[in-house]
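The structure under discussion appears below in the form of structure tokens.
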Amino acid sequence: MAHSASPRENARRTADEQHYGEHVFRPQDEGEGDRIDLGALAYDATTTARLRELGVGPGWRCLDVGAGTGTVARALLREAGAAEVVAVDRDVRFLAAEPTPGLTALEADITSDGFAPGRFDLVHARFVLMHLPDPGRMIDRLAAMLAPGGLLVVSDAVDLTTRDSPENSFTSTMRAMWQGLHDTIGTDVTWVPNCPRMLGTAGLESVAAEIHVPPLVPGSPINRFWVETWRRARPAMTATRLVDEATIDDAVRCLDAPGFHGFSPGMLTAWGRRP
Ligand SMILES: C[S@@+](CC[C@H](N)C(=O)[O-])C[C@H]1O[C@@H](n2cnc3c(N)ncnc32)[C@H](O)[C@@H]1O
């Protein structure tokens, strides 16, 4: 008798066949660059402060993996004084739109076996590995791209604020978003708290981590980022049956309501140095 796939198997199969940017978060869709920039506005200050604290500065050769619109790559050049930044993405249209001295935009799939851009003093990846299969393998591969003494800095989402929180339209919508993104493009944030341990397993030393949890303020970049993210992920979210359209609409209204208090899913940043 033929094996009929369970809903879970079907979801997994779909995720195996789809990738970030193909059906959800397509770079060619209007406003996608602006959506990435809203996330950058919410998290860049934390990222650049950490990189500065870790000593990234003049003369460094850097690789920014899944660089998006390139806000971190440009800050490395303009603020930290890095000598060179190779900014790699599976679609470089946003990087190419603003040529910057010292910035090389490299279009590549970082999961492909042929991806070997060289050795760097800094390898940075923010909100990328959570969308890829086998983040542990990716961390091993990124660690191997470090020059001796080089630094790997990885940031991904960690949901401390909605996963186990009381039910309301905002928390339900967030849960549906994580599930919907998992079912469609394979996004997984469950491993993120283990990221520091994974850097140690990859052979890195002086491993440490921090978490930044932005407050949700009406009209702020982070609130607008989530509204835009839900707009793009809406079909995947309703397909989970965890929310309907009305619940998502209510969550959007919540984020705009002057009295609303809440916290965004956070960003866990982990780093380690190659001996
Ligand atoms: C959520 S955005 C983050 C952008 C940027 N790192 C930031 O934090 O502002 C994820 C980025 O990773 C890129 N990306 C996803 N999968 C990729 C892959 N397999 N190879 C290269 N880039 C990829 C996407 O195109 C997108 O620009």
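Starting from 1, each residue takes its place in the sequence as its number. Every number for a ligand or one of its atoms is a count from 1 in the order of the listing.
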(message) Using a 6.0 Å distance limit plus a 45 degree cone around the ring axis, check whether Arg232 lies over the aromatic ring of Phe25.
(response) no
(request) Can you pull out the closest protein heavy atom to atom 2 (S) of ligand 1? Residue, atom name and distance to 0.1 Å, please. (result) Tyr20 OH, 3.3 Å
Listed pairs under 3.5 Å, donor-acceptor, residues 138-160 side chains, sequence neighbours left out:
residue : atom : partner : partner atom : Å
Arg141  : NH1  : Ile110  : O            : 3.3
Arg141  : NH1  : Thr111  : O            : 3.3
Arg141  : NH1  : Ser112  : O            : 3.4
Arg141  : NH2  : Ser112  : O            : 2.9
Arg141  : NH2  : Phe115  : O            : 3.3
Ser155  : OG   : Thr269  : OG1          : 2.7
Asp156  : OD1  : Val128  : N            : 3.4
Asp156  : OD1  : Met130  : N            : 3.1
Asp159  : OD1  : Thr161  : N            : 3.3
Asp159  : OD1  : Thr162  : N            : 3.0
Asp159  : OD1  : Thr162  : OG1          : 2.7
Asp159  : OD2  : Thr162  : OG1          : 2.6
Asp159  : OD2  : Trp178  : NE1          : 3.0

(request) Go through the steps to decide whether Leu216 and Phe260 satisfy the test side-chain contact (heavy atoms from CB on, under 4.5 Å), and finish with yes or no. (result) CA-CA 8 Å; Leu216 294 168; Phe260 178 74; 3.9 Å; yes
(message) Looking at ligand 1, would Ala125 count as a contact under a 4.0 Å heavy-atom criterion?
(response) no
(request) Could you tell me if any non-hydrogen atom of Asp89 lies under 4.0 Å from any atom of ligand 1? (result) yes
(message) Ignoring hydrogens and geometry beyond distance, is a side-chain donor-acceptor pair present between Thr187 and His131 at under 3.5 Å?
(response) yes
(message) Please determine whether a side-chain nitrogen of the Lys or Arg among Arg175 and Glu167 lies less than 4.0 Å from a carboxylate oxygen of the Asp or Glu.
(response) yes
(request) Enumerate the atoms of ligand 1 whose separation from the nearest heavy atom of Ala108 is less than 4.0 angstrom. (result) 20 (N), 21 (C)
(message) If the cut-off is 4.0 Å to any non-hydrogen atom of Ile36, which atoms of ligand 1 fall inside it?
(response) 9 (O)
(message) Please confirm whether Gly39 approaches ligand 1 to less than 4.0 Å, judged on its heavy atoms.
(response) no
(message) Suppose I only count heavy atoms of Gly68 and a 4.0 Å limit; which atoms of ligand 1 are within that range?
(response) 4 (C), 27 (O)
(message) Within the 3.5 Å criterion, strictly below it, is a donor on Thr173 or Trp230 matched to an acceptor on the partner's side chain?
(response) no
(message) List the residues meeting side-chain contact (heavy atoms from CB on, under 4.5 Å) with Asp34, not counting sequence neighbours, and say none if there are none.
(response) none
(message) Does only the side chain of Ser155 get under 4.0 Å from ligand 1, or the backbone, or both, or neither? Count heavy atoms.
(response) neither
(message) Show me which atoms of ligand 1 lie under 4.0 Å from any heavy atom of Ala67.
(response) 5 (C)
(request) Give a yes/no on ligand 1: does Asp109 have at least one heavy atom closer than 4.0 angstrom to it? (result) yes
(message) Which residue and atom name correspond to the protein heavy atom nearest atom 20 (N) of ligand 1, and how close is it?
(response) Ile110 N, 3.0 Å
(request) Starting from atom 12 (O) of ligand 1, find the nearest protein heavy-atom neighbour and note its residue, name and distance. (result) Gly66 CA, 3.6 Å
(message) Assess whether a salt bridge exists between Glu210 and Arg50, defined as any Lys/Arg side-chain N lying under 4.0 Å from an Asp/Glu carboxylate O.
(response) yes
(request) State, to 0.1 Å, how close Phe225 and Arg35 come at their nearest heavy-atom pair, and which atoms those are. (result) CD1-O, 3.3 Å
(message) Starting from atom 10 (C) of ligand 1, what is the nearest protein heavy atom, named by residue and atom, and what distance separates them?
(response) Phe127 O, 3.5 Å
(message) Using a 6.0 Å cut-off, check whether atom CZ of Arg163 has over 12 heavy atoms from anything other than its own residue.
(response) no
(request) Just let me know how Leu132 lines up against ligand 1, side chain, backbone, both or neither, with a heavy-atom cut-off below 4.0 Å. (result) side chain
(request) Would you mind finding which of Glu32, His19, Arg126, Met267 brings a heavy atom closest to atom 7 (C) of ligand 1? (result) Arg126
(message) Return the closest protein heavy atom for atom 14 (N) of ligand 1 as residue, atom name and distance.
(response) Arg90 CD, 3.8 Å
